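Worksheet for the structure shown next.
Just so you know, ligand 1 is whichever comes first in the structure, and atom 1 is the first atom listed for that ligand. In this text the structure is predicted, and so the values were computed from the model without any measurement.
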Amino acid sequence: MNWNTQHIPDQTGKVVIITGGNRGLGFEISLQLAKKNAILIIACRSAQKGKEAVEKIKQQLHNNIDVVTIPLDLTDLKSIHNFASIFNQTYSRLDILINNAAVVNLKNRTITPTGLEMHMATNHYGHFALTGLLYPVLKNTPDARVVTMSSGGHKFGDLNFDDLNWERRPYHRTKSYGDSKLANLFFARSLQHKFDSDGISAISVAAHPGLTATERQQTKGIGGWLSKKMAQPVWKGALPALRAATDPHVQPLDYYGPRYGISGYPSFAKMDKKTLDKDTAKHLWNISEQVTGIYF
Ligand SMILES: NC(=O)c1ccc[n+]([C@@H]2O[C@H](COP(=O)([O-])OP(=O)(O)OC[C@H]3O[C@@H](n4cnc5c(N)ncnc54)[C@H](OP(=O)(O)O)[C@@H]3O)[C@@H](O)[C@H]2O)c1
C-alpha cells in the first residue's frame, strides 16, 4: 500500500503541536493536518515566521482554519516554559505532539548561551524539556501520541557521555548531528517506557523522512548537487511523520521511514541496534533531567 495523505483520518477536535512548523517538513506536515481539520499550534522560534506560516496555510485552505502560532526556541529553557504555560492556559488536551524541529550538520561546533552543543540542545534537550512540561496534559488526553522525528543519520551517533559537548574531541558535524538523532530514538523508547509504567494510554512513535529536498538540502558543491538529484519532494518526505501521527493502526514504538531508505512511500524503518541499550537510555534520561531541570 502506498500510504498517502488520503489515508489521514479526519482530525476534527484533535489538538496538535508541531515544532519547527514554519518551514520544510514541519510546514508540510502542518498544512496536511490543517487540511484534515486539526486544531494546530505551530511552535517556532520566530514569531514573524510563525505568523507567515499561519497566513500561508489560511491562504491555501480557508480563513476559518484553526491554526495559531506560539513562539518556542528549543535552545532556551525560558522560552520552553513560556510556550508550555501559554499552551496550558489555552488548551485542555494535547492529542499529538510532533517533535520535528532541528538544526542539522552545523559546519562548526556551536554552543548555546548555556554551553550546550547546539545539535543536542535543539534536537534533543529542547524536545525533552518541552515534552516533560506537556506531560500532564498528554497524560490527561486519551490516546495521545508523541512523534519524534529522527534521521537515518542516527546510525552515525554514539553518545560519548564523557564529552557530549564535543569539548575534548575534534568536532565532527555528521557524528554530532547523529548523536542528537540517536538521542531522539532513545528518548522515544524511554518515553514509551514512562507511559507504560505510569499506566497512560499515550504512545510514543518515531519517524524519519529519508532524504528530502527541504531548504537545508540546497547546499553548494557536489554534495548539494547530489542531494538535489536524489532527494524526494517535501510532500513525500512528510508522509512517514504524518503516518506516525495519524494512522489508527500505529503501535507504540513503531518507526516509519521511506520504503527505500532515502525515498519512497512510508513503511516500517529499522532503528539501529544500539537504541536497544537500556543503560544508555537510562543514563541519557537522567542527564537530560539534570540539564533541563525538568523531571517528568
Ligand atoms: N530533510 C531531510 O532530508 C531530513 C533527513 C533526515 C531527517 N530530517 C529531520 O526532519 C526534521 C525536519 O527537517 P527539515 O529538513 O524540514 O529541516 P529545516 O527545513 O531545516 O527546518 C528546521 C526547522 O526547525 C526549526 N528550528 C531550528 N532551530 C530551532 C530552535 N532553536 N527552536 C525552534 N525551532 C527551531 C527551524 O526554524 P527556523 O525557520 O527559525 O530556522 C525550522 O522550522 C528534522 O528533525 C530533521 O532532523 C530531515
Side-chain angles (χ1 to χ4, degrees), residues 17-31 41-53 56 69-80 82-83 98-106 110-114 116-127 129-130 147-157 173-174 176-185 187-188 206-219 223-224 226-242 244-245 255-258 261-264 269:
I17 295 175
I18 175 152
T19 66
N22 59 296
R23 68 178 164 99
L25 288 156
F27 179 78
E28 180 64 21
I29 294 165
S30 300
L31 180 67
I41 298 98
I42 293 182
C44 73
R45 59 182 161 174
S46 151
Q48 181 56 30
K49 285 186 193 172
K51 211 170 138 231
E52 284 165 14
K56 215 165 129 191
T69 181
I70 303 177
L72 170 75
D73 183 341
L74 288 160
T75 63
D76 177 358
L77 272 174
K78 216 169 121 196
S79 167
I80 301 173
N82 193 44
F83 175 92
I98 306 178
N99 287 328
N100 160 78
V103 286
V104 183
N105 285 338
L106 297 170
T110 313
I111 53 162
T112 66
T114 53
L116 299 171
E117 191 284 319
M118 190 62 81
H119 290 113
M120 275 297 275
T122 311
N123 307 357
H124 171 64
Y125 295 128
H127 285 123
L130 178 68
V147 179
T148 299
M149 190 73 119
S150 184
S151 161
H154 79 274
K155 295 180 178 131
F156 301 114
R173 63 175 170 177
T174 313
S176 173
Y177 172 65
D179 276 356
S180 70
K181 292 285 131 182
L182 177 61
N184 285 156
L185 292 179
F187 173 64
H208 80 89
L211 187 60
T212 298
T214 54
E215 270 171 54
R216 71 177 187 81
Q217 294 293 352
Q218 291 163 17
T219 52
L226 267 177
S227 288
K228 270 193 249 173
K229 286 275 169 210
M230 291 165 66
Q232 59 179 354
V234 176
W235 68 264
K236 212 168 186 182
L239 293 175
L242 283 165
Y255 181 41
Y256 290 96
I262 57 168
S263 65

Say whether [X], considering both its backbone and side-chain N or O atoms, lies within less than 3.5 Å of an N or O atom on ligand 1.
{"X": "G152", "answer": "no"}
{"X": "S46", "answer": "no"}
{"X": "V103", "answer": "no"}
{"X": "E215", "answer": "no"}

Heavy-atom distances under 4.0 Å decide this one: backbone, side chain, both or neither, for [X] against ligand 1?
{"X": "L72", "answer": "backbone"}
{"X": "H208", "answer": "neither"}
{"X": "D73", "answer": "both"}
{"X": "F83", "answer": "neither"}
{"X": "T122", "answer": "side chain"}

Which word best sums up how the rings of Y255 and H154 line up, parallel for under 30°, tilted for 30 to 60°, or perpendicular for over 60°?
-> perpendicular

Worked check of side-chain contact (heavy atoms from CB on, under 4.5 Å) between K56 and E52 | CA-CA 6 Å; K56 215 165 129 191; E52 284 165 14; over 6 Å; no

List every atom of ligand 1 that sits less than 4.0 Å from any heavy atom of [X], numbering the atoms from 1 in the order shown and giving each element.
{"X": "G24", "result": "16 (O), 19 (O)"}
{"X": "L211", "result": "3 (O)"}
{"X": "P209", "result": "4 (C), 5 (C), 6 (C), 7 (C), 8 (N), 10 (O), 48 (C)"}
{"X": "N22", "result": "37 (O), 38 (P), 39 (O), 42 (C), 43 (O)"}
{"X": "T75", "result": "31 (N)"}

Check against side-chain contact (heavy atoms from CB on, under 4.5 Å), M149 and N99 = CA-CA 6 Å; M149 190 73 119; N99 287 328; over 6 Å; no

Determine, considering heavy atoms only, which of A43, S150, S151, A102 sits nearest to atom 9 (C) of ligand 1.
-> S150

G210 heavy atom under 4.0 Å from ligand 1 = yes

State if Y177 counts as touching ligand 1 under the rule of any non-hydrogen atom under 4.0 Å.
-> yes

Does the side chain of S180 pick up a donor-acceptor pair with the side chain of N123 at under 3.5 Å?
-> yes

Scan side-chain atoms only and decide if T214 and T212 contain a donor-acceptor pair under the 3.5 Å cut-off.
-> no

Are T69 and C44 close enough, and set up right, to give a side-chain contact (heavy atoms from CB on, under 4.5 Å), and what steps lead you there?
-> CA-CA 7 Å; T69 181; C44 73; 4.2 Å; yes

Is the closest side-chain heavy-atom distance between P71 and S79 below 4.5 Å?
-> no

Calculate, to the nearest 0.5 Å, the distance between atoms CG and NZ belonging to D179 and K181 respectively.
-> 12.0 Å

Once you round to the nearest 0.5 Å, how far does CD1 of I17 lie from CD1 of I98?
-> 10.0 Å

Considering all heavy atoms, the nearest T148-F187 contact | OG1-CD2, 4.1 Å

Keeping the roles fixed (side chain from Q232, backbone from G264), state whether a donor-acceptor pair exists under 3.5 Å.
-> yes

